[in-house]
Trainee: 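Got a structure for you, written out below as structure tokens; questions coming shortly.
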Amino acid sequence: MTGRVQVLLGTTKGAFVLDGNGDRANWRIRGPFCDGCPINHVIGDPGTGRLWAAGGSEWHGVGVWRSDDGGHVWTQSSDGIEAGDGAQPLSSLWSLGRADDVLYAGSKPADLFASRDGGRRWAKVTGLTDHPSSADWQPGAAGLVLHSIVSDPADPAKLWVGLSAAGVFATEDGGATWDRRNRMSNAAHAAHDHDHDHDDTEVGQCVHNIVRAGGARDRMYQQNHHGVFRSVDGGRTWDAAGAGLPSTFGFPVVVHPHDPDTVWVFPLNGDSIGRFPLGASAAVWRSRDAGETWVPLQNGLPTQDCFFTVLRQGMAVDQGTPAGLYFGTNSGSVFASPDEGDTWTEIARHLPTILSVETVTTG
């Protein structure tokens with residue numbers, strides 16, 4: 001491992017930054033930042049050291065905070081985003097994403113905003129909420145939220161977003177027009193578990209998290225309310241990719257930064273029976289063959305009496321070799337693996353509920 005890793009945490013009581021050394025050790029915690037407001041997502045730019053945090057609530061108001069010095073000093077920079085459009089006032093911001101020089105923010109209720117000046121001023125991306133299906137979008141348990149923003153580094157006009165519970169949407173023209181991409185493929189192995197009254201030709205619209213695989217331009221993965229799915233055509237069609245997992249329910253999905261066939265998930269016991277690890281034994285599950293087979297990884301994790309939850313943005317990977325993997329829990333712990341999940345160490349504890357985990361590798 002070369003370079004230094006920052007682990008960026010969004011929590012119910014502000015943003016936190018964990019600074020590690022070149023060996024991904026000796027972690028130091030900084031925070032809370034952002035005035036202690038609930039922060040749903042924190043991302044960073046490794047080239048400049050700039051960080052952004054998104055969050056808020058009906059009590060605190062919504063906003064994006066920005067730091068130009070790696071997370072030491074923060075200022076709120078949300079011109080054009082605080083009040084929404086008046087018809088459906090925003091209650092919080094849930095997600096951030098970057099596509100070249102454009103910064104995006106997703107909200108609850110589900111709107112998408114774009115900033116072309118580093119997050120100082122924002123404008124609503126009306127092409128998404130003007131989609132013909134928008135009148136029929138239904139909220140998930142946490143409400144109607146735009147929680148995933150994924151870009152194609154080779155083509156910043158291409159963007160994918162995940163909405164609960166409306167599904168996956170994609171644009172190839174910078175947000176002017178959008179396609180809804182929830183269709184199952186015609187492959188025989190596309191059968192999956194629908195415990196709700198859904199059309200079997202669709203994956204189900206309650207997508208929990210989506211990621212795009214680097215090195216395989218059209219490969220994507222999603223963790224859905226009904227299982228893990230893989231797409232090889234940019235989300236136009238999906239195949240089930242969770243055979244061998246202990247459950248179909250979970251929140252995060254993470255793909256290796258250099259190997260599109262390596263992917264990790266954190267299965268939970270189910271929707272209405274606790275949302276904790278199966279058997280109260282924590283395990284990250286890894287696939288090395290694009291979701292065809294899976295193995296549990298538990299070395300160093302709590303394997304007895306473990307009842308925490310890992311939320312949809314609560315797991316991330318760094319850019320190291322081997323890749324480092326991190327996840328945060330609703331009980332305030334952060335676990336890290338320097339070897340792609342083979343071994344784990346708790347690097348922080350007693351933090352507020354962790355809502356998101358991201359990494360920035362510098363140097």
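By convention here, the first residue in the shown sequence is residue 1.
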Trainee: Residues two or more places apart in sequence or in another chain: which of them pass salt bridge (charged side-chain N to carboxylate O under 4.0 Å, His left out) with Asp155?
Mentor: none
Trainee: Rounded to the nearest 0.5 Å, how far apart are OG of Ser151 and OH of Tyr104?
Mentor: 8.5 Å
Trainee: Any ring-ring contact (aromatic ring centres under 6.0 Å, His included) involving residues 158-179? Give me the pairs, sequence neighbours left out, ordered by first then second residue.
Mentor: His131-Phe169, Trp137-Phe169
Trainee: Quick one: side chain to side chain contact (heavy atoms under 4.5 Å, CB included) partners of Ala282, sequence neighbours excluded?
Mentor: Phe266, Pro277, Leu301, Pro302, Cys306, Phe308
Trainee: Do Arg288 and Glu340 meet the salt-bridge criterion of a basic N to acidic O distance under 4.0 Å?
Mentor: yes
Trainee: Please say which of Leu90, Leu146, Leu112 ends up in a side-chain contact (heavy atoms from CB on, under 4.5 Å) with Ser107.
Mentor: Leu90
Trainee: Listed by chain and number, what are the salt bridge (charged side-chain N to carboxylate O under 4.0 Å, His left out) partners of Arg286, not counting sequence neighbours?
Mentor: Asp342
Trainee: Could you note down all residue pairs passing ring-ring contact (aromatic ring centres under 6.0 Å, His included) where residues 334-362 supplies at least one of them, sequence neighbours left out?
Mentor: Phe327-Phe335, Phe327-Trp344
Trainee: For Arg121, check salt bridge (charged side-chain N to carboxylate O under 4.0 Å, His left out) against everything at least two apart and list the hits.
Mentor: Asp117
Trainee: Going by the salt bridge (charged side-chain N to carboxylate O under 4.0 Å, His left out) test, which pairs reach into residues 31-46, not counting sequence neighbours?
Mentor: Asp45-Arg98
Trainee: Answer whether the closest heavy-atom distance between the side chains of His225 and Asp271 falls below 4.5 Å.
Mentor: yes
Trainee: Which residues pass the salt bridge (charged side-chain N to carboxylate O under 4.0 Å, His left out) test with Arg30, sequence neighbours left out?
Mentor: Asp19
Trainee: Applying side chain to side chain contact (heavy atoms under 4.5 Å, CB included), can you list everything that pairs with Val232, at least two apart in sequence or on another chain?
Mentor: Arg219
Trainee: Keeping to residues at least two apart or across chains, list the ring-ring contact (aromatic ring centres under 6.0 Å, His included) pairs with something in residues 274-304.
Mentor: Phe276-Phe307
Trainee: Please collect all salt bridge (charged side-chain N to carboxylate O under 4.0 Å, His left out) contacts where either partner lies in residues 348-359, sequence neighbours excluded, each pair once.
Mentor: Glu346-Arg349
Trainee: Does anything in residues 49-58 form a side-chain hydrogen bond (donor to acceptor under 3.5 Å, both in side chains)? List the pairs, not counting sequence neighbours.
Mentor: Arg50-Asp68, Ser57-His60
